[in-house]
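Data block below; observations after.
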Amino acid sequence: MTGRNKWISLGVLALLIALLPLFFPSGYYYRVGALIFVNALSVVGLVILIGYAGQISLGHAGFAGIGAYACALAPEHLGLHPALAVVLGAVVSGVMAALIGKPILRLKGYYLGVATLGFGILVSMVLTNERALTGGPDGMNVADLGLRDVLRDMGWKLSGGEFWYMLCGVVLLVGAWLALNLFDSPSGRAMRALHGSEVAAATVGVDVPRQKLRAFVISAVYASVAGSLLALQNGFITPDVAGFMHSVEMVTMAVLGGVGSVLGATFGAAILTLLPQVLTVFAEYEQLVLGLVMVLVMIFLPQGLLPSIARRLKGRDE
């Protein structure tokens with residue numbers, strides 16, 4: 001990706017975040033928008049892991065759970081400010097990813113998928129069963145971030161929905177900027193070489209295990225920060241945030257929008273976050289319709305929605 005394309009992608013994303021509120025009929029849509037940004041942030045992490053480095057993870061919700069529960073547990077038991085708890089969750093997730101990544105990233109294909117799935121299930125089980133610490137399936141409250149009060153004292157009077165829309169949008173922009181900068185960096189080029197062929201990458205001097213682990217750790221930090229934002233926004237968290245279905249949703253969002261594209265990841269997150277809101281009229285058929293949409297996309301647009309649409313438009317122009 002050239003420098004020009006990078007700034008175009010960031011500009012489009014920033015423009016969408018800034019202009020969308022003009023079309024919101026009520027404050028509820030600010031909450032939906034913030035949820036889209038949180039999901040998009042975690043999916044951008046998967047773009048680095050899957051789209052850049054060519055590795056798969058079916059347990060990334062485990063890192064989201066670590067970030068979420070860090071914001072719930074650290075202020076209560078360690079006396080940390082919630083903002084510092086976000087950093088603590090990211091550090092713990094990064095260290096955990098480094099520790100488990102060394103052995104499991106030696107695996108390939110569905111073996112790697114099953115190994116990462118096992119990690120996610122393990123985290124979910126711990127959060128569910130340790131009732132004395134995490135509240136078990138009932139979940140636990142999360143301390144308020146306090147930043148909204150600071151902004152109010154500075155003269156910025158924002159509703160809860162507006163505040164979280166703005167904060168999550170800014171964090172997503174920073175995350176997208178970092179991912180796009182990584183794309184053309186030496187580390188990013190090394191990761192993308194793995195996607196093509198690990199043997200060829202090793203032949204030209206790429207440290208394959210190191211680059212795999214780097215992508216895994218970076219994507220884990222993205223998921224952790226996204227989980228922290230989700231917990232702080234809701235003010236309450238349950239073990240569902242680390243559940244298997246959440247991991248599947250994250251991978252589905254990445255594949256749906258275009259796993260090699262940061263804008264595509266955001267697009268996929270938006271679609272899969274909005275679809276359940278639209279499909280409530282189908283009640284118990286909601287999951288069936290979502291599955292059908294995914295099957296059709298995989299058959300007719302295998303590269304993902306956004307890259308496939310862009311390619312067809314470019315073909316028409318030529």
Side-chain angles (χ1 to χ4, degrees), residues 31 34-35 37-39 41-42 44-45 57 59-102 116 118-154 158 160 163-164 166-168 170-172 174-175 178 213-214 216-244 246-247 250:
R31 288 285 184 179
L35 181 59
F37 299 154
V38 168
N39 288 333
L41 182 65
S42 61
V44 168
S57 174
H60 249 52
F63 297 116
I66 292 173
Y69 274 86
C71 289
L73 295 171
E76 180 178 345
H77 296 285
L78 301 178
L80 289 181
H81 189 277
L84 292 177
V86 176
V87 177
L88 176 63
V91 171
V92 172
S93 293
V95 172
M96 186 72 71
L99 291 175
I100 69 169
K102 283 188 177 182
T116 54
F119 166 74
I121 291 175
L122 180 61
V123 173
S124 180
M125 288 177 62
V126 170
L127 296 177
T128 302
N129 294 328
E130 293 296 325
R131 292 176 177 269
L133 185 63
T134 66
D138 296 330
M140 62 186 303
N141 293 319
V142 180
D144 183 65
L145 185 60
L147 182 57
R148 185 181 165 202
D149 295 332
V150 174
L151 292 176
R152 185 184 294 112
D153 294 338
M154 295 171 60
L158 301 173
F163 168 74
W164 285 109
M166 181 183 72
L167 179 61
C168 295
V170 169
V171 175
L172 173 60
V174 173
L178 291 173
L213 187 61
R214 180 172 291 174
F216 192 64
V217 170
I218 293 173
S219 64
V221 171
Y222 271 80
S224 177
V225 174
S228 295
L229 287 175
L230 181 64
L232 290 168
Q233 179 184 349
N234 292 337
F236 188 83
I237 201 68
T238 68
D240 289 343
V241 69
F244 168 65
H246 189 198
S247 291
M250 290 164 64

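The minimum heavy-atom distance linking Val38 with Cys168 is given by the pair CG2-SG, 3.7 Å. The two residues Ala70 and Gly89 come nearest to each other via the heavy atoms CB-CA, 3.6 Å. Shown here for Ser93 and Ile66, the closest heavy-atom pair between the two residues is OG-CG2, 3.4 Å. Val171 and Val225 get closest at one heavy-atom pair: CG1-CG1, 4.3 Å. When all heavy atoms of Thr134 and Leu127 are compared, the pair lying nearest together is OG1-O, 2.5 Å. When all heavy atoms of Asn141 and Ala72 are compared, the closest pair comes out as O-CB, 3.8 Å.
Within the 4.5 Å cutoff, no side-chain heavy atoms of Asn234 are placed close to those of Val142. At a threshold of 4.5 Å between non-hydrogen side-chain atoms, the residues Ile218 and Leu178 do not count as touching. Inter-residue side-chain proximity for Leu230 and Leu35 is flagged as met; some heavy-atom pair is nearer than 4.5 Å. Between Gln233 and Leu167 the shortest side-chain heavy-atom distance does not fall below 4.5 Å.
Between the side chain of Thr128 and the main chain of Pro239, no donor-acceptor pair closer than 3.5 Å is present. Using modelled atom types, no side-chain atom of Tyr222 and backbone atom of Val44 make a donor-acceptor pair closer than 3.5 Å. Side-chain N or O atoms of Ser228 include none that pairs as donor or acceptor with a backbone N or O of Cys71 at under 3.5 Å.
Atoms NE2 and OG, from His246 and Ser42 in turn, are 5.5 Å apart once rounded to the nearest 0.5 Å. Taking CG of Leu84 as the start and CG of Leu78 as the end, the distance is 11.0 Å to the nearest 0.5 Å. Here CG of Leu145 is found 5.0 Å from CH2 of Trp164. Values are rounded to the nearest 0.5 Å. Note that CG of Asp149 and CE of Met154 are 13.0 Å apart. Values are rounded to the nearest 0.5 Å. Atoms NZ and CD1, from Lys102 and Ile100 in turn, are 13.0 Å apart once rounded to the nearest 0.5 Å. Between atom CG of residue Leu229 and atom CG of residue Asn39 there is a gap of 11.0 Å, rounded to the nearest 0.5 Å.
Taking the ring-ring contact (aromatic ring centres under 6.0 Å, His included) definition, one finds that Phe216 meets it with His60, Phe63, sequence neighbours left out.
The neighbour count for Met140 CE, taken as heavy atoms of other residues, nucleotides or ligands under 6.0 Å away, is above 12.
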For this session: May I have the step-by-step check of side-chain contact (heavy atoms from CB on, under 4.5 Å) for Tyr69 and Leu133, ending in yes or no?
Result: CA-CA 10 Å; Tyr69 274 86; Leu133 185 63; over 6 Å; no
